[in-house]
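I have placed the structure first, in the form of structure tokens, so that the comments after it can refer back to it.
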Amino acid sequence: MMMNNKSLRLLLQRQRQRSLSSSSSSSVSDESSSKEAIFHPTETENVKRGAIGGTMTTFDLGNGSEVVHLPRFLPRDRAWDWFHYMDKHIPWSRPTLTIYGRPLLQPRDSCYIASEGLPQLSYSGHKPHAYSWDDFPPLKDILHEVHRALPGSRFNSLVLNRYKGGNDYVSWHSDEETAYGLTPEIASVTFGCEREFLLKKKPSRKARGPRDETTRKRLRTSTSKDDQLSFTLKHGSLLVMRGYTQRDWLHSVPKRARAMSTRINLTFRCILQ
Ligand SMILES: O=C(O)CCC(=O)C(=O)O
Ligand SMILES: [Fe+2]
């Protein structure tokens with residue numbers, strides 16, 4: 001279904017209203033501030049949940065890609081307890097990555113947890129040490145909550161990121177790793193300072209074909225703000241990327257001058273064996 005920007009805007013407004021009217025409490029808002037975007041959402045499905053969890057909204061991005069947003073996944077106070085635990089006890093590090101052949105200090109702290117016997121994770125020339133779930137029991141509790149919210153899903157590894165202020169960020173990328181399979185599910189839980197999470201469609205395969213570096217750079221940066229989908233990820237929220245989202249879409253958490261305090265984000269993944 002092709003849509004022009006006006007009908008897309010209207011559709012997103014209607015989705016927003018439907019989501020608000022089905023919320024269990026009038027103070028619950030759907031924080032997913034969707035902008036005009038190049039994707040074609042066809043359906044929004046709202047699932048009412050029990051005592052915790054609030055409203056779950058599914059965004060169909062088209063062509064088998066899907067994002068699920070659950071703004072009130074974790075109770076506030078419990079999420080703050082977990083934030084303080086992780087801020088203090090996780091062995092954070094800031095490795096030097098290799099980006100387009102050049103060394104770059106990773107613009108955020110990170111740590112990696114994985115179940116035993118899984119293949120080594122490697123990204124941007126960096127092979128993080130895999131800590132054990134048993135070293136950090138509260139992470140197992142958070143994993144349990146994620147599994148409870150997403151029946152049928154299974155995660156066995158976790159990337160933790162700590163953004164110590166608005167200058168810390170993650171640039172446009174996708175987590176498209178062979179080890180995760182073709183349609184990985186990635187569950188992202190946010191603690192502390194809220195930050196904007198952006199999605200934009202990857203350039204078409206044709207546009208990604210062999211080109212000189214200057215043309216590739218121009219194509220990489222050519223997408224305008226209107227082509228992006230934006231979610232404000234609040235303290236205690238859950239966002240899930242599913243289907244072909246890693247193959248077809250890029251995501252990022254850009255720098256934000258207004259973000260004064262620390263944000264911790266957990267992305268649960270499943271490495272296939
Ligand atoms: O911090 C976030 O919300 C996203 C982190 C992320 O994209 C990643 O770890 O791959
Ligand atoms: Fe990512």
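Read the numbers this way: they start at 1 and go in the same order the structure lists the ligands and their atoms.
The residue Arg195 has no part lying near ligand 1, judged by heavy-atom distances below 4.0 Å. Heavy atoms of Asp175 found under 4.0 angstrom from ligand 1 belong exclusively to the side chain.
Look at Arg78 and Asp141 and you find no salt bridge, because none of the NZ, NE, NH1 or NH2 atoms lies under 4.0 Å from a carboxylate O. With salt bridges taken as basic N to acidic carboxylate O contacts below 4.0 Å, none links Arg247 and Glu176.
Residue-ligand proximity: Arg108 is placed with every non-hydrogen atom at 4.0 Å or more from ligand 1. The closest approach between a heavy atom of Arg263 and any atom of ligand 1 is below 4.0 Å.
For atom 9 (O) of ligand 1, the closest non-hydrogen atom of the protein is Asn161 ND2, 2.8 Å. In terms of protein heavy atoms, atom 8 (C) of ligand 1 is closest to Arg269 NH2, 3.4 Å.
Which parts of ligand 1 touch Thr267 is read off a 4.0 Å heavy-atom cut-off, strictly below it: atoms 9 (O). Those atoms of ligand 1 that come under 4.0 Å of a heavy atom in His251, given as number and element, are 7 (O). Set against the non-hydrogen atoms of His173, the atoms of ligand 1 under 4.0 Å away are 6 (C), 7 (O), 8 (C), 10 (O). Proximity to Phe197 (heavy-atom distance under 4.0 Å) selects the following atoms of ligand 1: 3 (O). Near Tyr163, with a cut-off below 4.0 Å to any heavy atom, the atoms of ligand 1 are 1 (O), 2 (C), 4 (C), 5 (C).
Exactly one residue among Arg94, Gln106, Arg195 makes a side-chain hydrogen bond (donor to acceptor under 3.5 Å, both in side chains) with Asp168. That residue is Arg94.
Between the side chains of Arg162 and Thr262, no donor-acceptor pair of N or O atoms lies under 3.5 Å. Residues Ser115 and Trp133 have side chains that bring a donor and an acceptor to within less than 3.5 angstrom of each other. Asn265 and Thr190 form a side-chain donor-acceptor contact under 3.5 Å, judged by distance and modelled atom types alone. Side-chain contact annotation: Arg269 with Thr267, donor-acceptor N/O pair under 3.5 Å present.
In this structure, the ring of Trp82 has its center no less than 6.0 angstrom from the ring center of Tyr85.
Angle OD2(Asp175) to the Fe ion (ligand 2) to NE2(His173): 110° [nearest 10 degrees].
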